[in-house]
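Everything below concerns the one structure shown next.
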Amino acid sequence: MHIESIIKTYIQSALQEIYNVAEETILLQPTKKDFEGFYTFVTFPYTKSLRKPPVEIGNSLGQYLVEKSGVVSKFNVVQGFLNLSIAESAWIEALNTLALDPNFGFSAPNGQSVMVEFSSPNTNKPLHLGHLRNNFLGDSVSRILKANGYDVVKTCLVNDRGIHICKSMLAYAKLGNGETPESSGLKGDHLIGKYYVLFDKEYKRQIEALVAEGKTKEEAEKKAPWMLEAQQLLLKWEQSDAETIALWKQMNEWVYAGFNDTYQKIGVSFDKTYYESNTYLLGKDAVDEGLAKGVFFQKSDNSVWIDLSAEGLDEKLVLRGDGTSVYMTQDLGTTDLKFADFHTDKSIWVVGNEQDYHFQVLFAILKRLGRAYADGCYHLSYGMVDLPSGKMKSREGTVVDADELVAEVTAAAAEEGNAKGKIDDFSEAEKQKLFSMLGLGALKYYLLKVDPQKRMLFNPAESVELHGHTGPFIQYTHARTRSVLRKAVQMGVEWSKPAATVPLTDSEKEVIFCLTQFPERVADAARNYSPALISQYAYELAKAYNTFYAEVSILQEPNADAQQARLLLSQAVADGIQKAMGLLGIEVPERM
RNA sequence: GGAUGCGUAGCUCAAUUGGAUAGAGCACCUGACUACGGAUCAGGAGGUUUGGGGUUCGAAUCCCUACGCGUCCA
């Protein structure tokens with residue numbers, strides 16, 4: 001049993017025996033650095049029910065714990081804070097159990113399944129920085145849920161139809177001259193993106209021309225020839241016009257090849273991909289069902305609505321008067337489809353917070369329709385990524401391209417790596433692999449260390465930073481532990497067995513304490529759908545180890561028991577860092 | 001107009017969900033033994049937590065209010 005739960009159990013029995021009070025949950029917190037001890041129990045909340053001053057409660061509980069628990073060696077009381085120090089034998093025992101358990105921190109299957117939908121790109125342009133936050137979040141949350149025992153299905157819904165695709169298609173048909181990814185040397189998604197931009201340029205020119213002729217801006221936007229043609233193209237697509245479909249398929253193929261390349265590079269994959277072109281007509285059954293059940297109502301123009309004022313929301317359109325879908329219609333249909341396909345207990349949508357309202361409405365409708373799965377639906381809403389220059393706008397060309405960014409961070413890692421000269425014996429391929437591991441580590445960590453809910457600022461200089469609170473700092477610490485362990489093997493020292501109780505320095509206790517926190521953090525990260533909690537943990541662990549590393553000698557320690565304990569500790573830290581970073585989708589190197 | 005989120009050191013972020021003297025990194029300053037990896041470590045400086053009021057043993061956190069920034073719904 002872990003130290004923390006032992007203490008909690010004894011506090012419960014102490015409250016029972018001394019004050020005759022039954023308390024179900026005991027909250028412990030780490031002791032602040034300025035005080036002695038590792039765990040703190042706050043007694044203020046009990047002063048009323050026990051009718052005793054906080055200090056007295058602290059003293060009697062502390063005494064009880066020292067006498068009976070076996071893990072608390074001493075205590076001190078400051079006002080309502082009971083600070084507990086832990087016996088060295090307890091630290092060693094904790095280290096032994098966690099270091100020798102390969103699955104420490106991870107849960108066995110819990111019989112529950114969850115679907116995580118993320119990425120969800122448009123096929124008219126390449127992935128950008130915003131997608132990266134989305135992808136890294138979705139991927140990491142999937143890993144975290146899996147570590148908590150869930151059976152996870154990763155899905156991606158590709159937005160592959162609609163007016164925006166037709167814009168790229170039109171520009172390509174007019175200006176493409178048969179250009180292909182091969183002929184142009186452009187990645188497929190970038191090639192398509194280029195024509196999307198070309199469309200926009202010409203479209204703007206046409207609007208200006210019409211405005212010059214005296215039309216209002218609104219009129220001009222609607223009447224610009226290319227816009228009319230794009231709409232024409234969408235109509236043809238919907239009527240399955242052979243030539244249009246052929247062009248659409250060709251261009252999609254190029255885009256998907258480009259996306260796959262990027263996904264592979266950033267280490268993201270999906271179990272199932274849905275395409276809007278297959279699902280955009282779904283949802284009308286749900287609308288009929290809602291009308292029959294009296295959940296929806298029809299207005300005089302035949303449009304279908306739901307009144308959600310009871311939920312604190314407005315009336316919301318679910319089907320247009322002419323019978324065509326809105327986003328909500330499609331989402332109703334797609335959600336039914338997803339649950340029918342996989343029968344998961346939960347479903348999570350990783351989508352930006354600009355769609356908070358949309359998901360509130362969607363979930364409210366699902367409940368009204370009586371969907372059994374409605375309670376398992378969750379919108380993982382994340383904040384936008386801002387640039388120092390302000391918000392990213394694809395039309396204004398202020399987007400940060402994902403592929404370029406990955407190349408930049410890799411180059412930055414290569415520059416520093418080559419300068420250090422520690423891996424001169426690596427082959428070119430090994431070096432490339434390492435630099436991409438470090439570059440991606442920096443980028444992923446940079447985007448994941450911030451609370452997902454919060455809006456964040458992307459600073460290009462900081463994203464390629466390799467020192468301080470960064471991924472590479474943690475990767476470095478891992479390489480360091482591996483280096484020590486390699487040398488220990490060379491020296492013929494054996495450490496993979498339970499360590500004996502030896503005197504411990506504060507820094508050693510600090511590291512063990514940090515290691516014992518891992519399972520709780522993993523559970524916390526799943527509860528809050530927050531990889532940031534894992535990032536924070538990995539950083540704390542690395543810092544604690546580096547402090548320890550600077551303070552005591554491992555390989556030159558004369559006492560064999562002490563040396564073995566330190567090696568076991570190093571092993572546990574190496575494993576802990578690897579696991580924590582693994583939950584973020586970040587690999588760690590043996591050397592760097 | 002209605003709804004909703006945010007505001008913490010010069011900058012980027014934390015704060016165990018109401019706990020102690022609000023912590024890290026970057027940038028700035030000082031120091032680290034012929035040591036196991038210096039992509040490191042130890043230390044310094046930097047704060048009226050946007051302003052004002054309230055709730056209580058205790059508030060960055062909860063409530064009210066003003067201001068600022070963002071997003072959504074028409």
Side-chain angles (χ1 to χ4, degrees), chain A residues 27-35 39-48 53-54 77-83 308 312-317 352-361 381 383-384 386 388 390-391 412-413 416-417 419-423 438 441-442 446 449-451 453-459 461-463 465-488 490-491 507 517 520-521 524 527-528 532-533 535-537 539-540 542-543 545-557 563 566-567 570 589 591-592:
Chain A
L27 292 175
L28 278 184
Q29 50 188 302
T31 304
K32 290 258 179 197
K33 286 283 168 288
D34 309 324
F35 299 90
Y39 295 93
T40 294
F41 179 67
V42 184
T43 61
F44 281 119
Y46 297 88
T47 50
K48 270 189 185 159
V77 176
V78 181
Q79 297 166 46
F81 299 93
L82 168 60
N83 302 321
L308 291 169
L313 307 166
D314 297 329
E315 286 187 355
K316 182 77 192 178
L317 180 71
N353 64 9
E354 54 202 351
Q355 296 205 41
D356 283 356
Y357 185 76
H358 174 82
F359 279 99
Q360 271 184 42
V361 171
S381 160
M384 299 288 99
D386 281 332
K391 197 183 165 167
E416 176 129 355
K420 298 269 179 209
K422 292 178 190 166
I423 49 159
L438 296 176
Y446 181 77
K449 75 175 173 184
V450 181
D451 182 347
Q453 314 263 1
K454 289 192 179 164
R455 195 183 180 80
M456 70 175 285
L457 185 82
F458 179 84
N459 183 324
E462 274 179 29
S463 70
E465 183 57 58
L466 310 169
H467 307 267
H469 189 183
T470 66
F473 165 79
I474 300 166
Q475 290 170 314
Y476 170 78
T477 307
H478 178 266
R480 207 177 209 188
T481 60
R482 304 303 310 177
S483 169
V484 172
L485 294 171
R486 271 197 305 274
K487 293 224 163 86
Q490 283 167 19
M491 290 164 58
S507 63
Q517 301 284 90
E520 207 182 313
R521 296 295 191 93
D524 238 28
R527 258 196 304 277
N528 295 300
L533 298 177
S535 321
Q536 204 71 31
Y537 176 79
Y539 179 63
E540 284 166 21
K543 271 203 84 140
Y545 184 81
N546 282 329
T547 299
F548 152 79
Y549 185 91
E551 200 176 277
V552 303
S553 179
I554 301 169
L555 297 176
Q556 282 156 25
E557 168 60 43
Q563 182 181 61
R566 284 172 195 171
L567 285 168
S570 300
R591 291 174 53 194
M592 63 188 269

(request) Give the dot-bracket string for RNA chain B, reading 5' to 3', where a pair is Watson-Crick or G-U wobble with both distances under 3.5 Å, ( ) marks pairs inside the strand, [ ] marks pairs crossing earlier ones, | marks a partner on another strand, and . marks unpaired. (result) (((((((..((((.....[...)))).(((((.......))))).....(((((..]....)))))))))))).
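- Atom pair A:His358:NE2 and B:C72:P shows a separation of 13 Å (rounding to whole Å applied).
- As judged by a 4.0 angstrom heavy-atom cut-off over every strand, A:Ala488 is placed among residues making no nucleic acid contact.
- Relative ring orientation between A:His469 and A:Tyr539 is described as parallel, the plane-to-plane angle staying below 30° on a 0-90° scale split at 30° and 60°.
- Atoms CG (A:Asp386) and P (B:G7) sit 14 Å apart, rounded to a whole Å.
- When the C1' atom of B:G70 is taken as reference, atom CD of A:Gln453 falls 15 Å away, rounded to whole Å.
- Residue A:Phe81 and nucleotide B:A20 are classified as a stacked aromatic pair, their ring centres being separated by less than 5.5 Å at an interplanar angle below 30°.
- Between A:Arg480 and B:G38 there is a side-chain N or O to OP1 or OP2 distance below 4.0 Å.
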Could you list the protein-to-nucleotides 56-58 of chain B atom pairs, N/O on both sides, closer than 3.5 Å?
| unit_1 | atom_1 | unit_2 | atom_2 | d |
| --- | --- | --- | --- | --- |
| B:C57 | OP1 | A:Lys48 | NZ | 3.4 |

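- Residue A:Tyr357 is in sugar-phosphate contact alone, with no base atom involved, counting any heavy-atom pair closer than 4.0 Å across all strands shown.
- Applying the side chain to side chain contact (heavy atoms under 4.5 Å, CB included) test to A:Glu465 and every residue at least two apart in sequence or in another chain returns A:His467, A:Thr470.
- Checked against side chain to side chain contact (heavy atoms under 4.5 Å, CB included), A:Phe359 has the following partners two or more places apart in sequence or in another chain: A:Trp349, A:Val351, A:Gln355, A:Leu362, A:Phe363, A:His379.
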(request) Mind running side chain to side chain contact (heavy atoms under 4.5 Å, CB included) on A:Met456 and A:Tyr446 for me, showing each step along the way? (result) CA-CA 10 Å; A:Met456 70 175 285; A:Tyr446 181 77; 4.0 Å; yes
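- Using a 4.0 Å heavy-atom criterion, one finds that A:Gly417 contacts the bases of the nucleic acid, with or without backbone contacts as well.
- Rounded to the nearest 0.5 Å, atoms CD1 (A:Ile554) and CD (A:Gln556) are 10.5 Å apart.
- Between B:G23 and B:C63, the distance separating the two P atoms is 25 Å to the nearest Å.
- Rounding to whole angstrom units, CD of residue A:Glu315 and P of B:A3 are separated by 17 Å.
- To the nearest 0.5 Å, atom OG of residue A:Ser570 and atom CG of residue A:Leu485 are 5.5 Å apart.
- Remark: A:Asp524 does not engage A:Arg521 in a salt bridge, criterion side-chain N to carboxylate O under 4.0 Å.
- Listed by chain and residue number, A:Asn546 satisfy the side-chain hydrogen bond (donor to acceptor under 3.5 Å, both in side chains) test with A:Thr477 (two or more places apart in sequence, or in another chain).
- Distance from the side chain of A:Asn546 is smallest to B:C41 among B:C41, B:G37, B:C73.
- For A:Asp451, the side chain to side chain contact (heavy atoms under 4.5 Å, CB included) partners at least two apart in sequence or on another chain are A:Gln453, A:Lys454.
- Across the P atoms, B:U30 and B:A35 are found 24 Å apart, a figure rounded to whole Å.
- Across B:U40, B:A20, B:A39, the shortest atom-to-atom separation from the side chain of A:Asn83 is found for B:A20.
- Remark: the separation of the P atoms in B:A60 and B:U40 is 33 Å, to the nearest Å.
- Distance A:His467 NE2 to B:G37 P: 19 Å, rounded to the nearest Å.
- A:Gln360 meets the side-chain hydrogen bond (donor to acceptor under 3.5 Å, both in side chains) test with no other residue; sequence neighbours excluded.
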(request) Could you walk me through whether A:Val42 and A:Phe81 pass side chain to side chain contact (heavy atoms under 4.5 Å, CB included), step by step? (result) CA-CA 5 Å; A:Val42 184; A:Phe81 299 93; 4.0 Å; yes
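- For the pair A:Lys316 NZ and B:A3 P, the interatomic distance rounds to 17 Å; values are reported in whole Å.
- Between the C1' atoms of B:U65 and B:G25, the separation comes to 36 Å (whole Å).
- The glycosidic torsion of B:U48 lies more than 90° away from 0, which places this base in the anti conformation.
- With sequence neighbours excluded, the residues satisfying side chain to side chain contact (heavy atoms under 4.5 Å, CB included) with A:Arg486 are A:Arg482, A:Ser483, A:Glu590, A:Arg591.
- Of the P atoms belonging to B:C41 and B:U4, the separation is 45 Å, rounded to the nearest Å.
- Rounded to whole angstrom, the span from the CG atom of A:Leu313 across to the C1' atom of B:U4 amounts to 11 Å.
- To the nearest 0.5 angstrom, A:Leu82 atom CG is 7.5 Å from A:Thr40 atom OG1.
- If you take atom C1' in B:G52 and the same atom in B:G46, they sit 26 Å apart, rounded to whole Å.
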Tabulate protein N/O versus nucleotide N/O from nucleotides 42-46 of chain B, keeping only pairs under 3.5 Å, one per line.
| unit_1 | atom_1 | unit_2 | atom_2 | d |
| --- | --- | --- | --- | --- |
| B:A42 | OP1 | A:Thr547 | OG1 | 3.2 |

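- Under the stacking criterion of a centre-to-centre distance below 5.5 angstrom and an interplanar angle below 30°, A:Tyr539 is not stacked against the six-membered ring of B:A24.
- One distance of note links CG of A:Asp386 with CG of A:Leu457; it measures 6.5 Å at 0.5 Å rounding.
- From A:Thr481, atom OG1 reaches atom CG of A:Leu567 across 11.0 Å, with rounding to the nearest 0.5 Å.
- The C1' atoms of B:G53 and B:A15 are separated by 25 Å, rounded to the nearest whole Å.
- Between atom CD1 of residue A:Ile474 and atom CD of residue A:Glu540 there is a gap of 10.0 Å, rounded to the nearest 0.5 Å.
- Between A:Tyr545 and A:Phe548, the distance separating the two ring centers is shorter than 6.0 angstrom.
- Heavy-atom distances to RNA chain B give each of A:Asp34 and A:Thr470 a nearest nucleotide, and the one nearer the 5′ end belongs to A:Asp34.
- For A:Glu416, the salt bridge (Lys or Arg N to Asp or Glu O under 4.0 Å) partners at least two apart in sequence or on another chain are A:Lys420.
- Note: CD (A:Gln360) to C1' (B:U71) measures 13 Å, nearest angstrom.
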Return the polar atom pairs (N/O with N/O) between nucleotides 11-17 of chain B and the protein under 3.5 Å, or none.
| unit_1 | atom_1 | unit_2 | atom_2 | d |
| --- | --- | --- | --- | --- |
| B:C13 | OP1 | A:Leu457 | N | 2.6 |
| B:A14 | OP1 | A:Asp451 | N | 2.7 |
| B:A14 | OP2 | A:Lys454 | NZ | 3.3 |
| B:U17 | O4 | A:Asn528 | OD1 | 3.3 |
| B:U17 | O4 | A:Asn528 | ND2 | 3.2 |

So which protein N/O to nucleotides 31-36 of chain B N/O distances come out below 3.5 Å?
| unit_1 | atom_1 | unit_2 | atom_2 | d |
| --- | --- | --- | --- | --- |
| B:C36 | O2 | A:Ile554 | N | 3.1 |
| B:C36 | O2 | A:Leu555 | N | 2.8 |
| B:C36 | N3 | A:Ile554 | N | 3.0 |
| B:C36 | N4 | A:Tyr549 | O | 2.3 |
| B:C36 | N4 | A:Val552 | O | 2.5 |

